[in-house]
Amino acid sequence: MFHLLPAPPYRIRMATTTHTVTNQPPPLVGYDVFTADHALSEAVERHLPLELLDEARQELSTLGTTAGSAQAQEWGFLANENPPKLRTHDRYGHRIDHVDFHPSWHRLLGHAVTNGLTNAWGRPGGHVRRAAGFLVWAQTEAGHGCPLSMTHAAVPALRTDPELAAFWEPKLTSQIYEGEELRPAADKTGVLFGMGMTEKQGGSDVRVNTTTATPLEADGEYVLTGHKWFCSAPMSDAFLVLAQAPGGLTCFLLPRVLEDGNRNVFRIQRLKDKLGNRSNASSEVEFDGTWARRVGEEGRGVRTIIEMVAATRLDCVVGSAALMRQAVAQAVHHAAYRSAFGGVLIDKPLMRNVLADLALESEAATTLGMRLAAAYDTDSEQERAFLRIAVPAAKYWVTKRCTPTTAEALECLGGNGYVEESGMPRLLREAPLNSIWEGSGNVQALDVLRALQREPLALNAFLEEVGKARGADHRLDGAIKDLLAELADLDGIEARARRLVERMALVLQGSLLVRWAPSAVADAFCASRLGGDWGAAFGTLPHTLDLAAVVERARAVV
């Protein structure tokens with residue numbers, strides 16, 4: 001016979017509370033994302049003229065406070081939990097090719113536009129201020145950074161045609177967000193731009209594109225026929241695309257709505273089902289007699305659009321720095337409140353080593369990204385030459401470091417970090433994107449090689465920048481010497497291009513940190529990344545370094 005209740009002498013215990021929550025950190029919320037980031041705020045002070053500093057600090061602090069709010073963080077969650085949906089036809093069967101977004105997407109994108117994140121060109125210190133704002137705001141949610149980046153980056157391509165620039169640039173740099181309603185650009189104050197370069201048969205090798213452009217009678221007007229494998233932000237008002245004209249590969253401006261109010265032929269075939277970046281719509285589109293206006297000369301499409309590509313590559317660097325910063329801030333915050341094995345995690349020597357190592361990666365990325373943004377704010381030929389080689393090198397290395405940094409930061413939260421509610425899985429899914437977008441790692445490495453072989457001024461500018469810290473740290477001096485030896489031998493260079501570009505990026509980061517970062521940060525970076533006293537995983541820094549100072553600097557204090 002089975003007893004449903006315990007038999008004597010056992011006693012039934014009365015129910016007690018089992019859900020008292022202890023040893024859990026408070027959410028990292030209600031703080032100023034900008035001022036809590038010492039590396040970023042110091043970079044803004046370093047690179048902006050004194051007369052712009054007060055205004056810039058105020059605008060970035062206001063943006064940072066919103067970025068750190070519970071409301072903005074909720075927008076980020078909702079935009080990703082409710083991804084965009086494609087409606088190809090209306091209820092009557094008319095082709096509409098419309099993408100529906102959750103209201104949170106529009107709140108994020110609208111707040112970014114009204115805070116000047118598409119407006120860098122032509123205003124004093126514009127690129128530094130925008131890059132800092134982009135790094136702050138991207139920590140709320142990364143997907144909406146795609147249309148922000150392309151809208152910002154379209155300006156230099158359009159400037160190759162003064163007539164087009166006069167019409168479109170004020171709308172691109174406007175701080176008015178008009179939502180997703182499609183109507184003629186002449187009727188709108190602010191617009192968004194997308195881009196369509198890659199095709200299924202070529203990917204990054206855009207010269208094998210098969211989309212054709214047939215000239216019309218009116219000068220500069222064409223009709224396009226073809227298929228784009230990746231067309232980002234298909235809800236945008238206009239797109240820069242590449243197509244084969246009679247004179248070769250050419251850049252075109254393709255509006256969604258024509259001047260007479262009719263929809264241009266822009267058939268969205270499907271939205272991509274992506275690993276991350278799920279709040280953003282990436283699409284395959286088909287052109288069939290689609291009207292477009294030529295930008296630049298026939299046959300010079302790559303040269304026309306290359307400045308747009310360079311600007312979006314810089315955003316890949318800054319966007320990766322934003323992901324790393326948020327991941328590291330979350331990890332340090334968790335460790336500051338979580339106790340284990342008799343003490344707070346942040347005080348445990350091994351966890352401190354991991355956190356310090358992650359903090360070095362984050363600060364190096366931020367410092368490099370902001371240095372590149374500062375170079376965009378000058379008209380110096382020297383700085384332009386520096387950008388030619390530093391942007392692809394930085395894009396290669398910083399975006400490569402984003403995924404392992406984010407993964408290790410997630411692990412600092414243990415099982416809590418693996419749960420979606422923590423936000424860490426979304427950061428990890430997002431982390432590989434910037435390494436792929438706008439040319440994967442090999443494309444960046446090959447681009448650096450082209451600059452080395454064809455543009456001696458670029459290498460000179462790079463070496464001059466690196467050399468500004470010479471003599472300040474013997475490990476940096478040794479790394480510079482080794483790099484010069486590698487650069488002197490270009491035989492078989494393609495096979496070792498990644499190794500070379502990695503060293504170039506690390507030496508550049510080391511130079512910047514030696515000059516500008518606190519000694520604890522610069523010492524730890526040079527000892528590990530340049531001096532070779534480092535293992536194959538995070539948390540293998542020399543134990544004699546001042547790791548506590550590095551970690552405390554990275555902490556976001558609420």
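Because the structure is a prediction, the values reported are computed rather than measured. Excluded from the calculations below are hydrogen atoms, water molecules and symmetry mates; all remaining heavy atoms, backbone and side chain alike, are included.
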Electrostatic pair [X]-[Y], nearest N-O below 4.0 angstrom:
{"X": "Glu363", "Y": "Arg325", "result": "no"}
{"X": "Glu286", "Y": "Arg270", "result": "no"}
{"X": "Glu178", "Y": "Lys188", "result": "no"}
{"X": "Arg293", "Y": "Asp161", "result": "yes"}
{"X": "Glu169", "Y": "Arg159", "result": "yes"}
{"X": "Glu284", "Y": "Lys228", "result": "no"}
{"X": "Asp97", "Y": "Arg95", "result": "yes"}
{"X": "Asp447", "Y": "Arg313", "result": "yes"}
{"X": "Arg107", "Y": "Glu141", "result": "no"}

Residue list, side-chain contact (heavy atoms from CB on, under 4.5 Å) with Asp489, at least two apart or on another chain: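 Testing Asp489 for side-chain contact (heavy atoms from CB on, under 4.5 Å), a comparison that skips the adjacent residues, returns Asp491, Arg496.
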
Please check if the side chain of [X] supplies one atom and the backbone of [Y] the other of a donor-acceptor pair under 3.5 Å.
{"X": "Ser435", "Y": "Pro432", "value": "no"}
{"X": "Thr151", "Y": "Leu148", "value": "no"}
{"X": "Glu298", "Y": "Gly247", "value": "yes"}

Fit a plane to each ring of Phe252 and Tyr222, take the angle between them on a 0 to 90° scale, and name the class: parallel (under 30°), tilted (30 to 60°) or perpendicular (over 60°).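 It falls in the perpendicular class, over 60°.
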
Is the His94 ring parallel, tilted or perpendicular to the Tyr92 ring (thresholds 30°, 60°)?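 Answer is tilted, since the angle falls between 30° and 60°.
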
Side chains of [X] and [Y]: is there a donor and an acceptor less than 3.5 Å apart?
{"X": "Ser149", "Y": "Asp315", "result": "yes"}
{"X": "Asn115", "Y": "Glu59", "result": "no"}
{"X": "Gln244", "Y": "Thr210", "result": "no"}
{"X": "Thr312", "Y": "Glu438", "result": "yes"}
{"X": "His111", "Y": "Tyr177", "result": "no"}
{"X": "Ser282", "Y": "Lys274", "result": "yes"}
{"X": "Trp137", "Y": "His144", "result": "yes"}
{"X": "Glu430", "Y": "Asn277", "result": "yes"}

Could you go through the side chain to side chain donor-acceptor pair (under 3.5 Å) check for Asn442 and Arg498 one step at a time? CA-CA 7 Å; Asn442 284 355; Arg498 283 190 171 215; 2.8 Å; yes

[X] side, atom [atom1]; [Y] side, atom [atom2] - distance, nearest 0.5 Å:
{"X": "Leu484", "Y": "Leu463", "atom1": "CG", "atom2": "CG", "result": "6.0 Å"}
{"X": "Thr290", "Y": "Arg267", "atom1": "OG1", "atom2": "CZ", "result": "7.5 Å"}
{"X": "Ile493", "Y": "Leu487", "atom1": "CD1", "atom2": "CG", "result": "7.5 Å"}

What's the shortest heavy-atom distance between Pro147 and Asn280, and which atoms?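 Looking at all heavy atoms of both residues, the closest pair is CD-OD1, 4.0 Å.
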
So, for Ala79 and Ser104, which heavy atoms are closest and what is the spacing to 0.1 Å?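 Looking at all heavy atoms of both residues, the closest pair is N-CB, 4.0 Å.
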
Centroid-to-centroid, Trp121 to His152, below 6.0 Å?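 Centroid distance Trp121-His152: below 6.0 Å, so yes.
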
Quick one: which of Val128, Leu387, Val398, Val318 gives a side chain to side chain contact (heavy atoms under 4.5 Å, CB included) with Leu372?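 Of the listed residues Val128, Leu387, Val398, Val318, the side chain to side chain contact (heavy atoms under 4.5 Å, CB included) partner of Leu372 is Leu387.
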
